[in-house]
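Computed from heavy atoms alone, side chains included, the values below leave out hydrogens, waters and symmetry copies.
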Amino acid sequence: MRGRLERVSWKLLHSFKSPDLSRSCSGYVSRVRYLMRLKEDDEACREALKSGSFLLYYNLAPLLKSNSNVYKPSFLKASDLENILKKIGRDKHTVSESVLLGCNENGEAQFSLEVGDLDRSVLEQQCGGVFMDLSKAFFMLSGPEAPIVTKGKALLQWHQTNGFCSATGQPTIRNQSGSHRICHSSGITYYPKMSPVVIVLVSDGSRCLLGRQATFPPGMYSALAGFCDMGESMEEVLRREVAEEVGLEVETLQYSGSQHWPFPQSSFMVACHATVNPNNTKVSVDKAELEDARWFTLKEITEALQVKKPPRIPKGEPPVFWVPPSFAIANQLIQEWANQQQLTRK
């Protein structure tokens, strides 16, 4: 075992990813510092609410607009949102319940706002969009817009489930930006949290292993994933999950990247590649964890990567094999594996 642990490779496939290499460093630094000020200064955040843009959520379903069968988040200007609220008889101070999301390229603060207590159809008509459950929107959003939408849902959900102090049972009070909540009785400050999860693409050198849960859409397979237990390192959870779910023992691993994931709660996905001994590839699926898991060839993976959205299956026909959409980190792992296979086979 020790010898195998010593063979763990920490070669970084992506040592660092700048948020956007096309923008100037000074502009990025200015936006980051502006956001930090909005998080810490309630008055500055209240001022930003007057000129910011807002993404509405109806019971955590984001407001989206369709453009050529591609859905995008429908951000509303502060003045437009105020007019809509006025039309439906809601106090404009509802805007103060918004949670800070980020800052766009123009330096404009962006907020998310839950409006589940209002009339859904009236809001959709007034806003010219549709509230779509994120589990469905997930397959229809274009890549660049997905992170901001999932972040808004995660932050709003965190506030909904952290209204009371775990030590005293007393209400917690949020600051204006929603970056934290405080229990004034105990003095405890609560910050939004993500649960660490390892997601891994296992390979035997010429094939990759994918699994599917019963809750996945028909035909979709993905990389294996599991939550970190208390006290575990990333290496330990990766090896344990592969052993538990498919009965294989990992020999080497490589870090690939990370991603926020909103399902079912907010998770921090750490993505890795792993290899197993090509002479020991018999899969033993834990049916309590997975519905199925099997090895796929490069040809099968290449074809699946061409499917950009859930395929329509005629009644009575078997489901088509496909993988998660391009902005999911599981897709990144699968694409990286396919690229590497193509290089080694030239």
Side-chain angles (χ1 to χ4, degrees), residues 19-20 22-24 27-28 30-134 137 140-157 159-160 174-179 262:
D20 187 345
S22 65
R23 61 191 177 191
S24 66
Y28 174 67
S30 296
R31 284 193 291 276
V32 168
R33 291 182 173 175
Y34 176 55
L35 277 176
M36 182 57 66
R37 181 187 170 202
L38 297 185
K39 290 179 180 179
E40 298 179 346
D41 188 332
D42 284 356
E43 286 304 317
C45 190
R46 292 189 187 99
E47 189 64 27
L49 285 169
K50 299 177 183 177
S51 58
S53 58
F54 299 80
L55 180 59
L56 305 186
Y57 288 76
Y58 191 91
N59 293 335
L60 301 179
L63 180 68
L64 307 178
K65 282 187 177 180
S66 175
N67 183 12
S68 301
N69 294 321
V70 175
Y71 282 84
K72 295 188 176 184
S74 179
F75 278 93
L76 301 175
K77 296 291 186 180
S79 56
D80 294 333
L81 177 57
E82 185 175 331
N83 289 334
I84 291 173
L85 291 173
K86 184 177 180 180
K87 287 180 180 179
I88 62 177
R90 178 53 64 97
D91 193 310
K92 66 178 182 180
H93 294 296
T94 298
V95 173
S96 65
E97 300 170 8
S98 302
V99 175
L100 180 65
L101 272 180
C103 181
N104 63 21
E105 295 292 328
N106 298 321
E108 178 185 74
Q110 297 175 308
F111 300 87
S112 58
L113 177 63
E114 173 60 51
V115 291
D117 59 333
L118 303 180
D119 189 299
R120 178 171 183 162
S121 59
V122 172
L123 279 173
E124 289 179 335
Q125 182 181 18
Q126 290 290 328
C127 298
V130 59
F131 291 104
M132 184 179 296
D133 185 87
L134 194 55
M140 300 184 180
L141 288 166
S142 60
E145 284 82 19
I148 194 74
V149 175
T150 59
K151 180 179 180 180
K153 184 256 188 185
L155 286 172
L156 292 172
Q157 188 173 37
H159 280 283
Q160 292 176 2
R174 54 163 283 187
N175 65 336
Q176 183 57 62
S177 69
S179 64

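- Closest of all the heavy-atom pairs between Ala48 and Leu38 is CB-CD2, 3.9 Å.
- Contact annotation: the side chain of Leu81 never approaches that of Thr94 to less than 4.5 Å [non-hydrogen atoms, C-beta and beyond].
- Between the side chain of Tyr58 and the backbone N or O of Leu118, at least one donor-acceptor pair lies under 3.5 Å.
- In this structure, Asn104 and Ile148 have side chains that are not in contact, with every pair of non-hydrogen atoms separated by 4.5 Å or more.
- Summarising the geometry, atom CG belonging to Leu56 is positioned 11.0 Å from atom CD belonging to Glu124; distances are rounded to the nearest 0.5 Å.
- Counting only heavy atoms from C-beta outward, the side chains of His159 and Glu97 never approach each other to under 4.5 Å.
- With a 6.0 Å radius and a threshold of 12 heavy atoms from other residues, nucleotides or ligands, Arg120 has its CZ atom above the threshold.
- Closest approach of Gly129 to Lys65, counting heavy atoms only: CA-CG, 4.1 Å.
- Rounded to the nearest 0.5 Å, atoms NZ (Lys50) and SG (Cys45) are 12.0 Å apart.
- No side-chain heavy atom of Arg90 sits less than 4.5 Å from a side-chain heavy atom of Val115.
- Side-chain contact between Pro73 and Leu141: present, with at least one pair of heavy atoms (C-beta onward) separated by less than 4.5 Å.
- Remark: Glu114 CD to Leu155 CG distance equals 12.5 Å, nearest 0.5 Å.
- Across Leu64 and Ala137, no two heavy atoms sit closer than the pair CD1-CB, 3.6 Å.
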| message | Is there a side chain to side chain contact (heavy atoms under 4.5 Å, CB included) between Glu105 and Arg31? Walk through the geometry before answering. | response | CA-CA 8 Å; Glu105 295 292 328; Arg31 284 193 291 276; 3.4 Å; yes
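- Note that the CD atom of Gln125 and the CD1 atom of Ile88 stand 11.5 Å from one another [nearest 0.5 Å].
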Pair Lys77, Glu108 - check salt bridge (Lys or Arg N to Asp or Glu O under 4.0 Å), show working. CA-CA 10 Å; Lys77 296 291 186 180; Glu108 178 185 74; 2.9 Å; yes
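- Nearest heavy-atom pair across Pro62 and Leu60 is CD-O, 3.6 Å.
- Between Leu49 atom CG and Phe54 atom CZ the span is 5.0 Å, to the nearest 0.5 Å.
- Looking at heavy atoms from C-beta onward, Leu134 lies out of side-chain contact with Tyr57 at the 4.5 angstrom threshold.
- Under the 3.5 Å distance criterion, the side-chain polar atoms of Arg174 are matched with a main-chain donor or acceptor of Gln176.
- Atom NZ in Lys151 sits 6.0 Å away from atom CG in Leu101 (nearest 0.5 Å).
- Of all heavy-atom pairs spanning Phe111 and Phe75, the tightest one is O-CE2, 4.2 Å.
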Let's go through Leu123 and Leu63 carefully: what are the C-alpha distance in whole Å and the side-chain angles of both, what is the deciding distance for side chain to side chain contact (heavy atoms under 4.5 Å, CB included) to 0.1 Å, and is it a yes or a no?
CA-CA 9 Å; Leu123 279 173; Leu63 180 68; over 6 Å; no
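- By the 4.5 Å heavy-atom criterion applied to side chains, Leu100 and Lys39 are counted as neighbours.
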